[in-house]
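Have a look at the structure below before the remarks.
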Amino acid sequence: MKQDRHISDNAADVQQIRDNVLARSVADGDEEALRSVIRNYGDLVFRTAFKIVCDESEAEDIAQEVFIRVWRKAASYDGRRPFASWIYRITCNLCIDFIRRRRITHPFSRLELSDAGGLPDRLLPVEISPEDRVILQETWSTFIAAASRLTPKQRITFVLKELEGLGTDEVSAITGMTPDRIKSNLYHARKAIREMVSRQF
Amino acid sequence: MMNGEYEKFAGNLNRIGRELPSKELIEASVMSRISVCGHEKDVQGNGRCAVISMIAAAVLTFVLMLPAAFSGDGKQKKQSECDAAPMAADFSDMAAHADLSDSDVAAQKVTDGPSISHRRLPRQYEGYLASLQRKAAAEKLLPGNSCLSPD
């Protein structure tokens, strides 16, 4: 057990060193390094943004903006902290900006509208049974209905804690929220989702 | 809803949208954006500075215009007062502060035309002559400065 943790710590250290080198190269204007960042973190950025804004095309736009921002701000990255946390932070900030903008431009729109076309197949796992496909479609509809009742910060807390599996300290470092605020947001998010799930099934 | 069902729901949700579908497209788009405007941050930074400067200049201009547009009691001056004030100030200042010789003043009269020169300059010029005359008279009366010999 101890040995496993030691190996895991070592792997994290190696990853951290690799990310620091990558960030420094991006800061120096190395385009190939930026390509590596996109390849390594593209999925993370997209899946986080997609669950927060609940819109595929908007999540892609946000992903694009995240990497443009990484390119511009790589010099300001603090090498002592995980690179992934920095990426999460940029993603969450852009998602909040996007949600605020959407409220201004479409004040009466509801999240449910995004689900009008259903969940595209490309967002489902590659190998999936027809039954699973239906289950995941229903899961997505339920989530969208619940998410429309949550504030952006509640959604972010839910996504980072429950879906990405981050610890409270990490979420606090990413979002700037206190641990108590995180607990409160998570409580509201869970409650809304539970209510919505019990209503649908 | 049981805890297990919630976990199951979260697990299912986690299986959705795990991969960026058009990664190559996003990558190409990002690379083209950074190559087109490689120094985009500088451009945007300067742009921001320019906008802030413009706003600051507009606010400053507005603040500086306020005393000119409004009188002390807060009421706006009449248009006639606003029009007349600078002209009177200009010519009185010109005569009082500018170090003009007689020929300069004469030239000024010609170029300014009769309407302006007749109104303000002669009075100033007469005052100047009168002060010169008084100075000359005083010099004559002073004992050590007299041109006449004691004899």
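Chain naming here is simple, since letters A, B, ... match the order of the sequence lines and numbering starts at 1 in each.
Here the CD1 atom belonging to I38(A) is positioned 9.0 Å from the OG atom belonging to S29(B), to the nearest 0.5 angstrom. Separating the CG atom in D43(A) from the CZ atom in R18(B) is a distance of 8.5 Å, to the nearest 0.5 Å. R15(B) CZ to L123(A) CG: the interatomic distance, rounded to the nearest 0.5 Å, is 14.0 Å. Rounded to the nearest 0.5 angstrom, M196(A) CE and F9(B) CZ are separated by 9.5 Å. The CD atom of E27(B) sits 9.5 Å away from atom CZ of F67(A), with the distance rounded to the nearest 0.5 Å.
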Point to revise | E19(B) and R47(A): CA distance, side-chain angles, deciding distance, salt bridge (Lys or Arg N to Asp or Glu O under 4.0 Å) verdict | key: CA-CA 7 Å; E19(B) 287 179 12; R47(A) 69 171 181 258; over 6 Å; no
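Minimum interatomic distance between K23(B) and R39(A) (heavy atoms only, all atoms of both residues): NZ-O, 3.7 Å. Residues Q64(A) and R33(B) approach most closely at OE1-NH1, 3.4 Å, considering heavy atoms. Minimum interatomic distance between L163(A) and N14(B) (heavy atoms only, all atoms of both residues): O-ND2, 2.9 Å.
With a 4.5 Å cut-off on side-chain heavy atoms, E162(A) and Y6(B) count as touching. When side chains are defined from C-beta on, P21(B) counts as touching E56(A), because their heavy atoms get closer than 4.5 Å. Contact annotation: the side chain of F158(A) approaches that of L13(B) to within less than 4.5 Å [non-hydrogen atoms, C-beta and beyond].
With hydrogens and angles left out, the side-chain atoms of E60(A) and S22(B) include a donor and acceptor closer than 3.5 Å.
In terms of modelled atom types and a separation under 3.5 Å, the side chain of K51(A) and the main chain of I16(B) share a donor-acceptor contact. No donor-acceptor distance shorter than 3.5 angstrom exists from the side chain of N12(B) to the backbone of T139(A), with no hydrogens or angles considered.
Contact of F50(A) with chain B is made through the side chain alone, with heavy-atom distances under 4.5 Å.
When each of V45(A), D132(A), D61(A) is checked for heavy-atom pairs under 4.5 Å with chain B, D132(A) comes out on top.
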